[in-house]
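Residue numbers run from 1 in the order of the sequence given. Reckoned from all heavy atoms, side chains included, excluding hydrogens, waters and symmetry mates. Atoms within each ligand, like the ligands themselves, are counted from 1 in listed order. Here the structure is a predicted model, which is why all the values come from computation and not from measurement.
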Amino acid sequence: MTASIIQRGLRTTAEGILTGNDRGTYIAPGPHQYPGQWNWDAALVTIGLAHIDPPRARHEALQLLRGQWRDGMVPHIVFWDQTESYFPGPGVWNTEGMAGAPTVAVTGISQPPVLASAIRILHERDPDIGFLERVVPAIEEWHCWLDKHRRRRSGLVTIFHPWESGTDNSPRFDDALGRAPKADRASLSREDTRHVPPAQRPTTDDYQHYLGILETLRQSDYRPELDAAIFAYGDVGFTSILARAELDLVELWGHLGETGAAGRMRERSLTAALGDAWDPATRRFLDQDLRTGKPVTGSAECLSGLLPLYAGGSDPDQTAEIVNALWDPGQFGPSEDSPWGATSVAKTSPLFEPARYWRGPVWANMNWFLVRGLQTEGLHEEAARLCNHTLDLVARNGMFEYYHPRTGQGMGSRDFSWTAALTLDLLERQ
Ligand code: 9WN
């Protein structure tokens, strides 16, 4: 088959998936399992829709912002359907009536802020100043909230729950999670393992901790002080995504005739925090556990530690190190017995589990962040290589939530929205 026929096929499949997952009020992450509008999923979907249906893309972004809390936080899920077929659903989060909560049911935590970057891509494809006037001030409020409430002095952005990272059961959280309270096993009514084999999902023990943290957060209406949060974790991945989003927000303010000076200052401070997170011994950017006050050495083995490349926050020496790790067959890169990358955990790590969620499988969104980072650094050959590698993986195996690095087999949810959306974007970046 010629390349153009394959590309056309990918485009048609991706469009079909986004249409199939469209619930009108929002686009679900997949056909089953995730009945709600997730924060970074919605932003990534907006990027895909920018190429095929800009008005629908604008609707998706506006809907997500309808879930914004009065203090500026944009939640990790907006439960448009009020269903309990997801656990933990709106009845567990129970935000209704809390001070500052939106009228729609939502969660009390956030997720990586990709939205400004998505809207910049959308605006480049289909400018709409009236839309920017609505969304840019709202995103500014969200970024200000992160700056004010989730950063200790000039440190990394602090997450209060692994779900805020988007990379939930990454092994870098294991120690901090292990110290967190545990909910009763009986209080769990997991729905995810009805859809996906348990071996591909977080363990019961992980879920007991996830719920334990949720219950503690709920006691303070999800707004504990930084020093009181039971799980307080400085995340290089989240910080990198925010740093990039701040730059994109400045650009968007520019279209509205404003300087966006505050965003530029925040971006500088975030990039400086990333610089401080560089560890010369492991030659990696390391996360920081605020409860122990120590860097998390295990984060050196996780792919999110390469995201400063996406932020433009690495110097030439660090960039070279990142690119090397990305392709190194012993680390995150393809190898003879494991031809698909980038793995979410380094293959040499004792914590690498090729089929379990964020502990080894390949994810299209992580590859996309890295493609964007390589492009920004002017490493166009490397970017094209990773872009084509990702499209090849998707073309051979379908548009899944994540992929087995040895076989390329799709896992988790089939017909996954962000994989479809980012395929559309990668096709434009080839
Ligand atoms: C918890 C929707 C979300 C993604 C996350 C991914 C997964 C939820 C879950 O699904 O998380 O938020 O139930 O496992 O880890 O990145 O946004 O696709």
- Item | Quiz item: cation-pi between R244 and Y310, 6.0 Å / 45° | yes

- In plain terms, say whether R359 and D174 are close enough for a salt bridge, that is, a side-chain N and a carboxylate O under 4.0 Å apart. yes

- Query: So, D279 and R283, do they make that salt bridge, N to O below 4.0 Å?
  - Reply: no

- Item | Gap separating the CD atom of E96 from the CZ atom of F79, nearest 0.5 angstrom | 13.0 Å

- Message: With no hydrogens and no angle check, just 3.5 Å: does a side-chain donor-acceptor pair link E140 and W253?
- Response: yes

- Distance-only polar pair, side chains of W145 and D71, donor-acceptor under 3.5 Å: yes

Contacts table for ligand 1: protein N or O within a distance under 3.5 Å of ligand N or O, distances only.
{"from": "ligand 1", "atom 1": "11 (O)", "to": "D168", "atom 2": "OD2", "distance (Å)": "2.9"}
{"from": "ligand 1", "atom 1": "12 (O)", "to": "W38", "atom 2": "NE1", "distance (Å)": "3.0"}
{"from": "ligand 1", "atom 1": "12 (O)", "to": "H76", "atom 2": "NE2", "distance (Å)": "3.0"}
{"from": "ligand 1", "atom 1": "13 (O)", "to": "Y86", "atom 2": "OH", "distance (Å)": "2.6"}
{"from": "ligand 1", "atom 1": "14 (O)", "to": "D168", "atom 2": "OD2", "distance (Å)": "3.4"}
{"from": "ligand 1", "atom 1": "14 (O)", "to": "R201", "atom 2": "NH1", "distance (Å)": "3.2"}
{"from": "ligand 1", "atom 1": "14 (O)", "to": "R201", "atom 2": "NH2", "distance (Å)": "2.9"}
{"from": "ligand 1", "atom 1": "14 (O)", "to": "Y357", "atom 2": "OH", "distance (Å)": "2.9"}
{"from": "ligand 1", "atom 1": "15 (O)", "to": "G166", "atom 2": "O", "distance (Å)": "3.2"}
{"from": "ligand 1", "atom 1": "15 (O)", "to": "D168", "atom 2": "OD1", "distance (Å)": "3.2"}
{"from": "ligand 1", "atom 1": "15 (O)", "to": "D168", "atom 2": "OD2", "distance (Å)": "2.8"}
{"from": "ligand 1", "atom 1": "15 (O)", "to": "Y357", "atom 2": "OH", "distance (Å)": "3.2"}
{"from": "ligand 1", "atom 1": "15 (O)", "to": "W358", "atom 2": "NE1", "distance (Å)": "3.0"}
{"from": "ligand 1", "atom 1": "16 (O)", "to": "W40", "atom 2": "NE1", "distance (Å)": "3.0"}
{"from": "ligand 1", "atom 1": "16 (O)", "to": "G166", "atom 2": "O", "distance (Å)": "2.6"}
{"from": "ligand 1", "atom 1": "17 (O)", "to": "W40", "atom 2": "NE1", "distance (Å)": "3.1"}
{"from": "ligand 1", "atom 1": "17 (O)", "to": "D41", "atom 2": "OD1", "distance (Å)": "2.6"}
{"from": "ligand 1", "atom 1": "17 (O)", "to": "Q111", "atom 2": "NE2", "distance (Å)": "3.0"}
{"from": "ligand 1", "atom 1": "18 (O)", "to": "D41", "atom 2": "OD2", "distance (Å)": "2.7"}

